[in-house]
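Here is the structure we will look at, set down as structure tokens.
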There are 2 protein chains.
Amino acid sequence: MTRATIKDVSRVAGVSIKTVSRVLNKERYVSDDMRQKVEEAVARLNYHPSQAARTLAGRRSFQIGLIHDNPSPYYIFNMQAGVGQRCREADFRMIVQPCDINSPGLVDDIGALIDQAQLDGFIMTPPVTDVGTALAELFRRKIPVVRVQPGTDLTATSAVYIDNVQAADDMTAYLISLGHRRIGFVTGHGNYFASGQRLTGYRQALQRAGIGFDAALVFPGQFDFQSGTAAAEALLTLDQPPTAIFASSDDMAAGVLAAAHRLGVAVPDQLSVAGFDDTDLAQVVWPSLTTIHQPIRDLGYAAADLLLEFGETIERRQLPHKLVVRGSTAPPRT
Amino acid sequence: MTRATIKDVSRVAGVSIKTVSRVLNKERYVSDDMRQKVEEAVARLNYHPSQAARTLAGRRSFQIGLIHDNPSPYYIFNMQAGVGQRCREADFRMIVQPCDINSPGLVDDIGALIDQAQLDGFIMTPPVTDVGTALAELFRRKIPVVRVQPGTDLTATSAVYIDNVQAADDMTAYLISLGHRRIGFVTGHGNYFASGQRLTGYRQALQRAGIGFDAALVFPGQFDFQSGTAAAEALLTLDQPPTAIFASSDDMAAGVLAAAHRLGVAVPDQLSVAGFDDTDLAQVVWPSLTTIHQPIRDLGYAAADLLLEFGETIERRQLPHKLVVRGSTAPPRT
DNA sequence: TAACGATAAGATAACGTTGTCATACGCGAG
DNA sequence: CTCGCGTATGACAACGTTATCTTATCGTTA
């Protein structure tokens, strides 16, 4: 038994090949009568159109690319889930391409991918979003692009994002509302634009509360666990240690927790710890993390949605974040 | 500027289309002279063959499928990384398909994917590996299949796996060597064959050490964090609580840790905790987990390798696991 | 020296769809 | 009643490769 082709379907349905094609592509000008006959034949033969033939003959490939250079399994998993779901709804396929933003071959790889697969669109996640040469290559090929949380050329492509400034502000304000005045902050990796935004939100909330900014309380991190432990070790041995540490990723917050445990600092009694992202991690460490929920899956879904609905037309969509309070934060000891 | 085609290359190189095709496909019977001319032209035009045209004309699509229904981002991420790397080396593409093993449409979805994309091969990860109907569908289509850690029909397809029995035995033996005699065990989800194997390894090590098996010390889990906390709460309130708990996944071990923290049981001083998998989690909780390192990325790489190297020919490859000792285990208090 | 196999290259027909163009019908307006 | 337009269908070329078949040249062997 070999695969059924459109020809088989047309023979069984008693119509022309082109009519079958019309039904399959939901084109206008097809009578209900024809449509029904074709649909029956398709079901009976268990026919599935050849992706390859469609791509070759038509101008669409029904495929979009998702490119990432992000070390977080959690982030990638959820992003893929969101993009994947929207793709399935539209009968599109998602081509995932991990990459290395420092590789000199990056641009060529992207070009090759688009050429070979004839992609209909492209989704970029940070930090690839801000690689100028990659972006230029996509423009050169006039392919619709949606970026997730871009940091540069904000109006150049469609984009989905959350308000990182506001989110970090929310968290900082929450810690202040608990009574904290000395709040440490661990920044993210310099490659990510969001890192700077979160720092801005932190400073913004401090200022509004009339708390002076103290550069000694800000520790440069890389979004990873190690950064968190290093930051905690540095911040907790200050002459005037903070009563709370806001790490701008959950991994770093977990690092802070581990260091606190090791140093015998009780969380949240002696130290409040806050994270950012609300990854799986947040509920698996002890105590569970107060954090900002970032709707990664929804961001993926929205990105694919913009691509499929609007194509070249530039659209922007901001998604809501949410402050999630768990066990790692409490009022400071008086 | 439109895409370069093989025709353009042949014109620039001054050879026939077929010769270009031969060079591209590394066929025999091409002179070095021709090969060089073609390669130059390819580079000059930045030519990339159309995936669609190749698939349509040839009998190969240069694509393999990876199907999974696994809730662990860590597992999926590393599996994809391994498969993806091997694919890149062979200029293949990986099509990822999440699925739901309880969905009635599962078999149809798999069939549709293979038909549409004309996949050259298929990789299944647990627990999809053991869905009989899905397996049957793949056989019907005579497509090469590699399964990762299959539990049923072991000789029906190629497979890659670790020795779960031995791994659990190693961990249990290690705990016994520390001096533990009452060792709790948290099993995995019933859908996964590995769950039973790990329990077997646990029992095997106990028996060898002359320690009687106590069913009260075995708690049924689901591989997730919740199971771990539930298990710890149950086991630690026994009349004779265990001095060590071996949870057969890191998530469950993290749950045990959290419950121990909450109950004021010090780890590892009052209770040793061991996990399984060596996910990112293991180094991010406190104390860091003694666990079995499972080479997930390597399993993915090996799976793709078997597919690409052996095709239909059935091959099996066992990869080594490793006991990783960290801070969550210690001798029992005397 | 004739015959043959191994090597090297090309001409042309697929592959299974969609795009383009042609055709035919029914219906309302002039 | 005729023209034009919206609707509905089909014939056929085109998409960019690989497969198959054919041809040409060489070196080796009988």
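Note that this is a predicted model, so its numbers are computed, not measured. Residue numbers start from 1 in every chain, and the chains themselves are labelled A, B, ... in the order their sequence lines are given, proteins ahead of strands.
- Applying the ring pair (Phe, Tyr, Trp, His ring centres under 6.0 Å) definition to pairs two or more places apart or across chains, none involves residues 104-143 of chain B.
- Between B/Gln294 and B/Gln149 there is a side-chain heavy-atom pair separated by less than 4.5 Å.
- Not counting sequence neighbours, the partners of B/Arg11 by the side-chain contact (heavy atoms from CB on, under 4.5 Å) test are B/Lys7, B/Asp8.
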Polar atom pairs (N or O), protein with nucleotides 5-7 of chain D, under 3.5 Å:
residue, atom, partner, partner atom, Å
D/dT7, OP2, A/Tyr29, OH, 3.1

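- For A/Asp305, the side-chain contact (heavy atoms from CB on, under 4.5 Å) test picks out A/Arg86, A/Glu309, A/Arg317, with sequence neighbours left out.
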Only distances under 3.5 Å count here; give the side-chain donor-acceptor pairs of residues 71-80 of chain A to other protein atoms, sequence neighbours excluded, each with its distance to 0.1 Å.
residue, atom, partner, partner atom, Å
A/Ser72, OG, A/Tyr74, N, 3.4
A/Ser72, OG, A/Tyr75, N, 3.1
A/Tyr74, OH, A/Asp278, O, 3.1
A/Asn78, ND2, A/Tyr74, O, 2.9
A/Gln80, OE1, B/Gln80, NE2, 3.0
A/Gln80, NE2, B/Gln80, OE1, 3.0

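- Counting heavy atoms from C-beta on, the side chains of B/Asp130 and B/Met124 never come closer than 4.5 Å.
- The CZ atom of B/Arg11 sits 16 Å away from the C1' atom of C/dG10 (whole-angstrom rounding).
- Evaluation of the ring pair (Phe, Tyr, Trp, His ring centres under 6.0 Å) test over residues 10-51 of chain A, restricted to residues two or more places apart or in two chains, returns none.
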Review item, nucleotides 13-16 of chain C N/O atoms under 3.5 Å of protein N/O:
residue, atom, partner, partner atom, Å
C/dC15, O2, B/Ala57, N, 3.3

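- With B/Arg147 as reference, B/Thr157 is the one residue of B/Asp153, B/Thr157, B/Thr125, B/Thr129 to meet the side chain to side chain donor-acceptor pair (under 3.5 Å) rule.
- Side-chain contact between A/Asp100 and A/Leu106 is absent, with no heavy-atom pair separated by less than 4.5 Å.
- Taking every heavy atom of residues 17-27 of chain B and every atom of DNA chain C, pairs under 4.0 Å involve B/Lys18, B/Thr19, B/Arg22, by number.
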Side-chain donor-acceptor distances from residues 30-44 of chain B under 3.5 Å, at least two apart:
residue, atom, partner, partner atom, Å
B/Ser31, OG, B/Met34, N, 3.3
B/Arg35, NH2, B/Val30, O, 3.3

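- With axes fitted over five pairs at each extremity, the angle between the ends of the helix from C/dT1-D/dA30 to C/dG30-D/dC1 is 50° (10° resolution).
- Going from atom CZ of A/Arg59 over to atom P of D/dC15 covers 11 Å, rounded to whole Å.
- Comparing B/Asp32 and A/Arg60 along DNA chain C, the residue whose closest nucleotide (by nearest heavy atom) sits nearer the 5' end is B/Asp32.
- Separating the NZ atom of A/Lys37 from the C1' atom of D/dT9 is a distance of 11 Å, rounded to the nearest angstrom.
- Applying the side-chain contact (heavy atoms from CB on, under 4.5 Å) rule to B/Phe92 yields the partners B/Phe62, B/Ile64, B/Cys87, B/Ala90, B/Asp120, B/Leu308; only residues at least two apart in sequence or on another chain are considered.
- Comparing B/His48 and A/Ser16 by the nucleotide of DNA chain D whose heavy atom lies nearest to each, the residue mapping closer to the 5' end is A/Ser16.
- Taken to the nearest 0.5 Å, the CZ atom of A/Arg3 stands 11.0 Å off from the CD1 atom of B/Ile114.
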N/O donor to acceptor pairs below 3.5 angstrom from side-chain atoms of residues 50-57 of chain A, sequence neighbours left out:
residue, atom, partner, partner atom, Å
A/Ser50, OG, A/Ala52, N, 3.3
A/Ser50, OG, A/Ala53, N, 3.0
A/Ser50, OG, B/Gln118, OE1, 3.3
A/Gln51, NE2, A/Thr55, OG1, 3.3
A/Gln51, NE2, A/Ser61, O, 2.4
A/Arg54, NH1, A/Asn25, OD1, 3.4
A/Thr55, OG1, A/Gln51, O, 2.8

